[in-house]
Structure formats: C-alpha cells, structure tokens
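Okay, so here's the structure we're looking at.
Computed over heavy atoms, backbone and side chain alike; hydrogens, waters and symmetry mates excluded. Whatever order the structure lists them in is the order used to number ligands and atoms, beginning at 1. No experiment lies behind these values; they were computed from the predicted model shown.
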Amino acid sequence: MGSLEQKAVEFLKTTWAELGKTASPDDRIAAVLEEIHETGTYTHTFEELEHGAKMAWRNSNRCIGRLFWRSLKVQDSRHVQDEKSMFEALQSHITYATNDGKIRPTITVFSPKNNHTNSETRIWNHQLIRYAGYRNSDGSVTGDPASLAFTEECHQLGWQGNGGPFDLLPVVVQLPGREPAWQELPKDIVAEVPLSHPQFDWFGEMGWKWYALPVISDMKLEIGGIEYTAAPFNGWYMGTEIGARNLADTDRYNLLPVIAEKMQLDTSAAHSLWKDRALVELNTAVLFSFEKHGFKIVDHHSASEQFMAFEMSENRNGRDVTGDWNWLVPPMSGAATEVFHREWKDEKLSPNFEYQAAAWEQKAAGIKKLSKCPFSKS
Ligand code: ARG
C-alpha cells in the first residue's frame with residue numbers, strides 16, 4: 001500500500017543503491033515528485049525500467065528459475081500506440097527470445113496504465129504461444145482445456161480454429177479505449193518440439209508436441225507504483241511444466257492413461273504405480289526431445305539446485321529470498337529435490353508481477369458499470 005509518491009521514492013532509493021550509483025538519488029526523486037505533482041504520474045528512465053523488471057523477476061515467489069534474473073533482456077515498447085506496431089513488437093519478442101533454441105529470458109514492456117482515464121493496454125492471451133481448446137458436442141475437449149474460455153473469445157472476435165489438438169491461438173491485443181484486435185502468429189516464428197522417447201518408438205508416432213517458448217502475457221508488472229498492464233515475459237521451460245502438468249493433468253491433455261496403456265501397465269490398481277511410471281517416461285520424452293531438437297530446457301533437479309544457488313547469491317548481497325513453497329517444489333519427485341526440504345517467507349515485495357482479471361471479463365465489467373452508472377437516474 002502507500003501513495004504513488006511513496007512507492008516511487010522507495011523504488012528509486014533501492015535502485016540507486018543496487019546499481020551502485022555514486023551520486024545520490026535526491027535529484028531524481030525531486031524531479032519524479034514534481035512530475036507526479038503536475039501530471040499525476042511519472043515516467044521511468046530506461047535504466048529504471050530495466051532494473052525494475054529484473055527486480056520483479058527476482059521477487060517472483062513462485063518462480064524456481066530466478067538465478068538468472070540479471071540476464072533479463074528488457075525491450076522498451078512504451079511508445080507503441082497502434083495495433084500493428086504492437087503485433088510487430090510481440091513477433092520480434094518471440095524471435096529474439098527463441099534465438100534458434102538458445103532461449104533468452106526477455107520482457108517487452110508496453111505503455112503503463114493511465115490512472116486518469118483508467119484505460120490500459122492489454123494482451124488477452126494468457127501466453128503469446130498456446131494451443132486452443134474446443135468443447136465437443138459430447139462434452140469432451142479437443143486441444144488444451146485450459147484455453148477453452150479464451151478460444152471462445154477468439155471465436156467471438158471472428159477467428160476460426162481448425163479444431164485440432166495443437167492449434168496455435170491468435171494473439172489478441174487491446175489498446176486504451178479501443179476494440180480488441182487479433183492476428184495469427186506467422187508459423188515460421190513459432191518453435192514447436194515434436195515429442196519422441198529415447199527407448200519407446202511408439203511415442204514418436206503419437207503426434208504429440210509442445211511449443212518451446214512460454215511467454216506469460218496476462219500479468220501486470222508493477223514498478224515503483226507504475227502499473228505495466230501489458231508486459232509479456234519469458235524464460236525457458238522446466239520439463240515438468242510440460243511433462244507433469246500440461247500433458248499430464250487430468251484437466252489438461254491427460255496423457256497418462258494413454259501412455260500407461262501403450263506401456264502395457266496394470267492400470268486397474270493404483271498400487272501398480274502406473275501413473276508414476278507413465279509420468280517418468282513422459283518427462284523423459286519431454287527433456288529428450290527438447291535436447292534433441294536444440295531447445296533450451298531445464299530438468300527439475302537442476303532447477304532446484306539453481307534455485308539454491310540463487311538463494312546463496314541473494315544472501316551474499318544482503319537480501320532474503322522470499323518464495324512460495326507450493327509452487328517452488330516441482331510437481332514430480334518433490335522430496336528428491338532440495339527445495340522440498342527448505343522453507344521461505346511468502347512475502348510479496350515490489351517490484352513484482354501480479355495477476356489481473358481476464359481482459360475480456362474486465363471489459364464486460366466495464367460495460368456493466370457504465371449501464372448501471374450510480375449517478376444516472378435511469
Ligand atoms: N507453467 C506454464 C506452462 O507450462 C509456463 C509458466 C512460465 N514458465 C517458465 N518456465 N518461465 O506453460
């Protein structure tokens with residue numbers, strides 16, 4: 001909590017200290033306070049934006065990959081004011097970050113929320129690259145069930161999917177005070193990894209795949225009280241995100257029963273541990289396939305070690321690590337990783353990333369509010 005002024009001052013002081021600046025932050029603080037006084041807001045320098053975004057990653061309690069926070073590449077797209085330029089910026093983000101497989105953690109920052117008009121730039125997608133989900137007439141789902149609601153929104157905007165299990169969704173953007181606009185990503189910039197297994201030949205014939213670049217695009221980046229409502233960011237995948245969740249969860253692709261059957265496991269009794277065996281092979285396939293095709297990925301054991309190294313490095317710099325244990329512990333073989341045996345305070349520091357309501361729900365709420373204006377008599 002606190003006023004914009006307080007948040008700005010705190011952020012500037014921390015940034016000056018962390019960047020080891022010899023000059024005092026006082027001049028910059030005075031200028032920012034005056035700017036806030038005159039305009040109600042202030043504009044970060046590129047240096048402030050860059051360091052703020054890195055700190056936001058460093059403060060992301062649910063992220064196990066934070067050792068690399070200093071390497072974040074920050075693309076400044078705050079000047080973008082039209083849909084065409086926004087799509088272009090998103091495409092160059094994808095190409096730059098994919099880097100032919102040598103994935104680079106990247107964030108693209110669009111203009112922040114305007115507190116006067118309450119208008120904001122948004123990306124409707126949860127991730128820039130993700131598969132559609134379609135509800136069939138028998139109630140089953142083709143594709144990714146996690147995408148059902150967004151896929152429906154895309155249909156309403158006029159997009160037509162192919163009805164397949166791995167259809168790339170279009171990118172939907174919305175600039176302040178404007179209608180949403182959508183565009184499909186050029187196929188050649190989206191890297192996908194066909195899944196195969198080092199021992200099971202049948203695995204490669206299942207037609208399963210996953211995309212290489214996870215770009216979260218619906219979270220808000222908060223730096224020194226300024227809210228960047230469109231600031232898509234990516235790292236590289238940890239194998240279990242795909243192999244133990246996206247393709248394995250019963251309310252996602254639910255592949256464990258199919259794999260167990262192919263492996264001829266006894267699926268009639270839980271105590272045969274068929275789920276666990278299938279899970280290990282699925283995750284083996286994910287790591288094997290990403291490696292085989294030259295896409296950066298990390299296994300959960302290495303990621304856990306890297307997180308412990310992150311904690312040491314933070315302590316050396318006089319900072320305590322905050323963390324959300326429930327998210328940090330990998331979704332398979334939890335206790336075989338060191339993070340399981342540790343605990344962290346789940347305190348939320350600033351700068352940080354925050355969830356925000358789905359853009360289409362916010363739009364609906366806005367319309368409702370208008371028609372039920374408390375000041376109108378009708
Ligand atoms: N868990 C999400 C997914 O499976 C991606 C979240 C971000 N992950 C990352 N490694 N940066 O698609």
Distance in Å, Asp249 CG paired with Leu255 CG, rounded so as to fall on 0.5 Å steps: 10.5 Å
Which ligand 1 atoms are under 4.0 Å away from a heavy-atom of Gln127? 2 (C), 3 (C), 5 (C), 12 (O)
Side-chain (Thr106) to main-chain (Arg104) donor-acceptor, under 3.5 angstrom: yes
Is the closest N or O pair between Asn234 and ligand 1 shorter than 3.5 Å? no
Is there a donor-acceptor contact under 3.5 Å linking the side chains of Ser119 and Asn114? no
Check for me whether Arg130 meets the cation-pi criterion with Tyr211, that is, NZ or CZ under 6.0 Å from the six-membered ring centre and within 45 degrees of the ring axis. no
What are the atoms of ligand 1, with element, lying closer than 4.0 Å to any heavy atom of Asn246? 3 (C), 4 (O), 12 (O)
Which of the numbered atoms in ligand 1 are under 4.0 angstrom from any heavy atom belonging to Tyr211? 12 (O)
Polar atom proximity, Trp210 to ligand 1 (N or O, under 3.5 Å): no
Have Gln156 and Trp360 got a donor and an acceptor in their side chains that come within less than 3.5 Å? no
In terms of residue, atom name and distance, what is the protein heavy atom nearest to atom 8 (N) of ligand 1? Glu241 OE1, 2.8 Å
Using a 3.5 Å distance criterion without hydrogens, assess whether the side chain of Asn59 forms a donor-acceptor pair with backbone atoms of Asn352. no
Residue portion contacting ligand 1 (non-hydrogen atoms closer than 4.0 Å) for Arg245: neither
Distance filter under 4.0 Å to Gly235 heavy atoms, resulting ligand 1 atoms: 11 (N)
With heavy-atom distances below 4.0 Å as the criterion, list the atoms of ligand 1 near Tyr237. 3 (C), 4 (O), 10 (N), 12 (O)
Can you tell me if Phe233 contacts ligand 1 (heavy atom of the residue under 4.0 Å from the ligand)? no
Do Ser350 and Glu222 have side-chain atoms, one donor and one acceptor, less than 3.5 Å apart? yes
Heavy-atom gap Arg130 to ligand 1 smaller than 4.0 Å: no
Between Asn115 and Thr41: side-chain donor-acceptor atoms closer than 3.5 Å: no
